[in-house]
2 protein chains.
Amino acid sequence: MTPSRSSDALRAAQLYYLQDLTMDAIARELRTSRSTVSRLLSSARESGLVQIQIRSPLDTGPELASMIRAEYKVDVHVVPVVDTLNEAETLDRVAMQAARTIGPLVDSNAIIGVAWGSTLSAVSRHLTRKITHDSVIVQLNGAGNMQTTGITYASDIMRRFGSAYGARVEQFPVPAFFDHAATKKAMWNERSVQRILQLQARMSIAIFGVGSVDADYPSHVYAGGYLDEDDLNVLATSDVVGDVATVFFRADGSADGITLNERSTGPDLAQLRQVRRRICVVSGASKINGLRGALAAGLATDLILDEASARRLVSFDGAS
Amino acid sequence: MTPSRSSDALRAAQLYYLQDLTMDAIARELRTSRSTVSRLLSSARESGLVQIQIRSPLDTGPELASMIRAEYKVDVHVVPVVDTLNEAETLDRVAMQAARTIGPLVDSNAIIGVAWGSTLSAVSRHLTRKITHDSVIVQLNGAGNMQTTGITYASDIMRRFGSAYGARVEQFPVPAFFDHAATKKAMWNERSVQRILQLQARMSIAIFGVGSVDADYPSHVYAGGYLDEDDLNVLATSDVVGDVATVFFRADGSADGITLNERSTGPDLAQLRQVRRRICVVSGASKINGLRGALAAGLATDLILDEASARRLVSFDGAS
DNA sequence: AAGCACTATGCACAAACGTGCAGAACGGAA
DNA sequence: TTCCGTTCTGCACGTTTGTGCATAGTGCTT
């Protein structure tokens, strides 16, 4: 983009959003055509020059949101969706709103931890650009599995975050689960791994979805070849309800004694809770049990979820 | 506004600004007409539910802005205006942009000091609503003069600020200048005055214009019957260049020994400099000398001014 | 219950806006 | 310089949005 083009965009944005001129008037002022102004403005929006955000009145909001807020002590954003939408469309809507809600929270010098999965993938596709300096995107958990290194899928997500915020991307090149806890211990002492772990320890924002063991169609983790028969059996017969970044927990939010976690590569729950801003994105009512566990564990400070899930979350018999 | 209407507005705003639906689609979703949605959205914007802000890239911005930023160490917002506009139209544009720039800075529990004058009056007319709690608007300096109590003019400004931000308004019912410094001393010990002074001491934001002694058509202070012949003569023969909230200063920003200030009711410069955020709004190139003085005195952390003034500010021979 | 004042709604029209397309302008490479 | 590929621009069209006006709804008074 030529030097004067972006300054034209700034000028147009000021005139349009701050002074309420029409594009026509702006065109005359910039000696160009109205269509160019239209394009300048959309580039100003896309590049994050113009930030539009919605501050829902925290107290007086729709009851659904305030009930969740009161019960779970999280900052909740209920995404309105019509019930005629299917799962995929809902996810898309939730992801779009999540992406735009996250935008304003990202700042310079941020260290942003990002998990991976279908939810995060959808979110990453809708991020709006925002110029920041010296920000880092760090992968929360490994993505390799028995069939593939899982690199492309997870790294696409990371890359999109990185380019939206002009941030350095730090991948975590380990499998999602080690076969042996001992290998993990060993690797965790490697300096290359240590670098990532130390970044994770300094995260200012973490963004993740949840997996739910009993989801109608299960998440990547449960179906993607990351776990073998035995592991899945253990999960099924234990009282694990879900996971965040491949770290498992029970309905009450506890995780002690879940052996699988000793082989998992995500940050343990205590560490995750250290992060100042922890954004959980959920779409699809079938994740409700996993979500309940995550909330019980206090994993999220911000929750973005679709309306249907929000409704089930507050209904007491939602545990079906 | 009925309870469900504002929640409809929130919903519409989310669908429109965060999910990119058309108003038509939103209308179907809310089972209402498209025109109602249009109106819901504009009420959402007006009520501050939707916040649009422009983050000008601090480093790479147009040189004009960055030169001022570098030279005077203030956060500067140059308001683009066509040069065919007259003073009044320019003021209006600057005021509109100032009002919208200030909006996002106002927060709950803020104590906002507001001066008065034609600039502030214009700004007050363009404020966008924003819901805050327990904010206070406090008047920076008295407004009475020899002819009138000056109450209505200044208090209209205050009232508009108050209602835009849902804030309590604290007027300062004293003349702009006392006739005798001794009277001021006495009044300053009154408890009613003390209350205001203590609020001022705790200000988190101050908003003011500048007066310039040599302005083409002089500000309220110099023309409105606030000062008598003698005072004006003293000003003319001294090296005073301008004032902020009826407190005068010289080109180098100094104010010591200016006797008029002992009778003036505005906060002294040292006190003003204590305020975290000090927003100076300037429209009209003839205020340039006053502005230079104010900047030399370090009175502003944020400067909003029109393009022509910005240009004169950086040109070395602007002192004409 | 009727009357009244005020607000909200939908319609219809005009204004404002986004975008595919064809041509112009630009920036190398030969 | 000419050529070619790429990007930018303005036009024209269809879509989307704002708004005056007549009507319907709502709440308060008598």
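Computed from a predicted structure; not experimentally measured. The chains referred to below are lettered A, B, ... by the order of the sequence lines, with proteins before strands, and numbering in each begins at 1.
- At the heavy-atom level, A:T22 lies under 4.0 Å from the strands shown only through sugar-phosphate atoms.
- For the side chain to side chain contact (heavy atoms under 4.5 Å, CB included) test with A:V79, the passing option among A:L305, A:V281, A:V282, A:I304 is A:I304; the others fail.
- Atoms CZ (B:R34) and C1' (D:dT16) sit 7 Å apart, rounded to a whole Å.
- Residue A:S38 places at least one side-chain N or O under 4.0 Å from the OP1 or OP2 atom of C:dG18.
- For the pair B:D302 and B:R277, the minimum side-chain heavy-atom distance is below 4.5 Å.
- Salt bridge A:R11/B:E307: present, at least one basic N to carboxylate O contact under 4.0 Å.
- Following rounding to the nearest Å, B:M23 (CE) and C:dG18 (C1') show an atom-to-atom distance of 14 Å.
- With rounding to whole Å, B:R45 atom CZ is found 9 Å from D:dT19 atom P.
- The nearest whole Å value for the distance from the CG atom in B:L40 to the C1' atom in D:dG18 is 14 Å.
- Straight-line distance from the CG atom of B:D24 to the P atom of C:dC17: 18 Å, rounded to whole Å.
- One can place CG of B:D20 at 13 Å from P of D:dT16, the figure rounded to the nearest angstrom.
- Contact between the side-chain N/O atoms of A:T32 and the OP1/OP2 oxygens of D:dG10 is found at a separation under 4.0 Å.
- Regarding contacts with the backbone of C:dC17, a side-chain N or O of A:Y16 is found under 4.0 angstrom from either OP1 or OP2.
- No side-chain N or O of B:S121 forms a donor-acceptor pair with one of B:S124 less than 3.5 Å apart.
- Distance CD1 (B:I26) to P (D:dG18): 11 Å, rounded to an integer number of Å.
- Taking side-chain N and O atoms only, B:T36 has a distance below 4.0 Å to OP1 or OP2 of C:dG10.
- Rounded to whole Å, atom C1' of D:dT9 lies 7 Å from atom CZ of A:R39.
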